[in-house]
2 protein chains.
Amino acid sequence: MATKNNSSNPALQTVVPEVVIQRLPLYVRVLSQFSNSGHDVISSEQLGQQLQMTPAQIRKDLSYFGRFGKQGRGYDIAMLERQLRTILGLDRTWNVAVIGMGRLGRAVVSYPGFAPEGFKIVSAFDSDDKIIGMDVSGLVVQSTASLAATVKKLDIKIGIVTVPIAHAQSVIDSLVKAGIKSILNYAPLSPQVPSGVMVRGVDPVLSLQSMTYYIR
Amino acid sequence: MATKNNSSNPALQTVVPEVVIQRLPLYVRVLSQFSNSGHDVISSEQLGQQLQMTPAQIRKDLSYFGRFGKQGRGYDIAMLERQLRTILGLDRTWNVAVIGMGRLGRAVVSYPGFAPEGFKIVSAFDSDDKIIGMDVSGLVVQSTASLAATVKKLDIKIGIVTVPIAHAQSVIDSLVKAGIKSILNYAPLSPQVPSGVMVRGVDPVLSLQSMTYYIR
DNA sequence: GTTTGTGAAGGATTTCACAGCA
DNA sequence: TGCTGTGAAATCCTTCACAAAC
C-alpha cells in the first residue's frame, strides 16, 4: 500500500533530491492560498512568481512524481495540492511529542499552527518535578521517564525538542532510543544522531546571523 | 575600515555562494561551544564531525575568506570565531524591530536568545489600538504608523514580522518602504519583496512537512 | 495560442587528492 | 607526521529550449 509505486514512471526509480522535497511544502502552501481565493487552475509561471523561482524548476520538481498538469492550461489547484499532500505523507494525522515545558515549550504547545496541518501534539514532557503534572494547553506534563512508553502507546513518530541546550543532546538520545525518526530541534546546537533519524533545526538567530553578512 | 579588503586573496574577487554564508553561523556556534569547554585548537575533521559534514567542505568554505589554519595543527578556536564574526558582521550590535504583538510577537520579544548574540530588540509595533501602549518586556508597543520614523531614528536595519498572515504582505511592504533590508518572517507565506531586500522565513510547519516524506 | 514535461546543456557545489607547510 | 589550502574532478542542481498536448 505504498503511496505511489508507479514503476512505469522513470522518475521514481531515481532518488528525489532533498532540496526538491523541501520545496514541496512551499507549493502546498501557495496552492492552498490560491484555492482559498477562488482560483482553480494555476500555471508554473504563476506559481513561480509567487515563490520567486523559475517556472522550469517547478515543472522539473513536479516531474519527479508524475504528470500533474495539462498543456495549454496549467495545474488543477485542488488536485495538485491533494497529490502533493499524499506524496509528503500529509494525508493523515501525525502524533507529536514536545519535550521541555519551559517558556519555549509552552509556546510551542500553544501554537495554533500545527493542528490544522495535521500535527497533533498529544503529549508534553519535562524532567523538572515542579513542572511535571502541570497543565499546558490541556495536556498534563509527564516525566521524561515515561517518554518511551508513551511514544510506543500513542504511536508517536515526531518529537519537538524545546529543552535548554545543556539537556538537548541527551533528550535527543532518548527520543532516538524510543524510536522517533523525525525531530524538530529548537535548541541551538547541531545534535549527533544515527543515520536514519532526521533532525531539522529551528533557530531564528542563525537566520539573522547570515543575513547580516549582506547588510554589514 | 572594511572588514577585509585583501585583494591579494583571489577568493575575495569571487562572489561567495549563499550556501556558504549560511553555514558560517553554524561554525561560529560550534566554535563558541568548543571554546566554552576549554579547547583552544580544532581541526576541520573535528568541526566536520560535530556538524555532520565533510572536513573538505569546511576547509573550502573558510578558504573563501582567507587562510585561518595552521598545517599540522588546525584552527585556533578563539581566533577563527572572531574572524567569522567579523566576516558576518556580528562584531557589533544590531537594532531590531518586531511588528505584531500578538501571542507570537510577545514570545519573540521575550525570547532571551537574541540579545546575547547582538540582536537588540529596540521597538515593538502593532496596529491594534487595544495593544498599542501596552508594555511587552519593557517596550511600549507603538502604532505601526510610527514605523518609518522609528526605523530611521534608531537606525534599525532588521525587522521581525509576527503579524497574522492576512497582514503580513502589507507589513513587509511598509518595512521595505521604511528602508529595512533584512526581514525575518514568521508568517506562513512567501512574501514579495524587491531585489536588495532579503527575507528569511521561520516556519516549523514547513520543516515538519518535509520530514514526513521520509517516514510516511 | 498556451503551457506542460523533459532530455540536454550549463552552472554551481561538493569532494578528491595531494603539494606544501608547521 | 599531521593537517591545511586548493586546483581539478566529480556530482548535483538548475535552466534552457522545444516537441507534444490541449
Side-chain angles (χ1 to χ4, degrees), chain A residues 4 6 8-24 26-27 30-31 34 39-77 79-81 83-84 87 210, chain B residues 4 6 8-24 26-27 30-31 34 39-77 79-81 83-84 87 210:
Chain A
K4 275 226 132 192
N6 183 358
S8 70
N9 180 343
L12 288 176
Q13 271 121 316
T14 309
V15 64
V16 182
E18 187 164 334
V19 280
V20 173
I21 300 301
Q22 297 196 113
R23 283 192 293 262
L24 299 186
L26 291 172
Y27 303 156
V30 173
L31 290 167
F34 259 72
H39 299 72
D40 43 54
V41 173
I42 193 169
S43 65
S44 59
E45 180 74 41
Q46 293 172 284
L47 216 31
Q49 189 167 321
Q50 278 304 304
L51 292 167
Q52 318 254 53
M53 52 196 285
T54 66
Q57 180 164 66
I58 290 167
R59 295 199 302 273
K60 182 62 108 177
D61 283 358
L62 297 178
S63 78
Y64 280 100
F65 303 97
R67 302 151 53 93
F68 305 115
K70 286 210 201 328
Q71 284 103 325
R73 214 171 124 70
Y75 302 89
D76 180 289
I77 291 177
M79 179 277 244
L80 183 56
E81 183 185 345
Q83 297 266 15
L84 292 177
I87 290 165
S210 60
Chain B
K4 274 226 131 190
N6 184 358
S8 70
N9 180 343
L12 289 177
Q13 271 122 317
T14 309
V15 63
V16 182
E18 186 164 334
V19 280
V20 173
I21 300 300
Q22 296 195 112
R23 283 192 293 262
L24 300 185
L26 292 172
Y27 303 156
V30 173
L31 290 167
F34 259 73
H39 300 72
D40 43 55
V41 173
I42 194 171
S43 65
S44 60
E45 180 74 41
Q46 293 172 285
L47 216 32
Q49 190 166 319
Q50 278 304 303
L51 293 168
Q52 318 255 53
M53 52 196 285
T54 66
Q57 180 166 64
I58 291 168
R59 295 199 303 273
K60 181 63 106 177
D61 282 358
L62 297 178
S63 78
Y64 280 101
F65 302 98
R67 303 151 52 92
F68 304 115
K70 285 211 201 330
Q71 283 105 324
R73 214 170 124 71
Y75 301 89
D76 179 290
I77 291 176
M79 178 279 244
L80 183 55
E81 183 185 345
Q83 298 265 15
L84 291 177
I87 290 164
S210 60

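Every chain is numbered from 1, with letters handed out A, B, ... down the list of sequences.
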For this session: Compare every heavy atom of B/F68 with every heavy atom of B/M79, then report the nearest pair and how far apart it is.
Result: CE-O, 3.3 Å
Exercise. Can you check whether B/L24 reaches B/F65 side chain to side chain, under 4.5 Å on heavy atoms?
Worked result: yes
For this session: Return the value, rounded to whole Å, for the distance between atom CD of A/Q52 and atom P of D/dT14.
Result: 16 Å
Seminar exercise, completed: Taken to the nearest whole Å, CE/B/M79 to P/D/dT4 is 12 Å
Exercise. C/dT4 C1' sits how many Å from A/I42 CD1, rounded?
Worked result: 14 Å
Exercise. From D/dT4, D/dC13, C/dT4, pick the nucleotide closest to the side chain of A/V19?
Worked result: D/dC13
Exercise. Which heavy atom in A/S210 sits nearest to a heavy atom in B/Q22, and how many Å separate them?
Worked result: CB-CA, 4.0 Å
For this session: Report, as a single string ordered 5' to 3', how protein heavy atoms within less than 4.0 Å touch nucleotides 16-22 of chain C: B base, S sugar-phosphate only, - not at all.
Result: BB--BBS
For this session: For B/S44 and B/Y75, work out which heavy atoms get closest and say how close.
Result: N-CE1, 4.0 Å
Exercise. Can any side-chain N or O of A/Q50 pair as donor or acceptor with the backbone N or O of A/L47 at less than 3.5 Å?
Worked result: no
Seminar exercise, completed: Rounded to whole Å, OH of B/Y64 lies from C1' of D/dG7 at a distance of 12 Å
Exercise. Please give, in whole Å, the distance from D/dT15 C1' to A/L62 CG?
Worked result: 16 Å
Seminar exercise, completed: Assert: residue with more 5' nearest nucleotide on DNA chain D, out of A/E18 and B/P55, is B/P55
Problem set entry | side chain to side chain contact (heavy atoms under 4.5 Å, CB included), paired with A/E81, selected from A/D76, A/V30, A/L31 | A/L31
For this session: For D/dG2, take OP1 and OP2 only and decide whether either is under 4.0 Å from a side-chain N or O of B/Y75.
Result: no
Exercise. OP1 or OP2 of D/dC3 less than 4.0 angstrom from a side-chain nitrogen or oxygen of B/S43, does that happen here?
Worked result: no
Exercise. Between atom CG in A/D61 and atom P in C/dT6, what is the gap in whole Å?
Worked result: 13 Å
For this session: Take the protein atom CE of A/M53 and the nucleotide atom C1' of D/dT15, then report the distance between them rounded to whole Å.
Result: 12 Å
Exercise. Roughly how many Å is it from CD in B/Q57 to C1' in C/dA12, rounded to a whole number?
Worked result: 13 Å
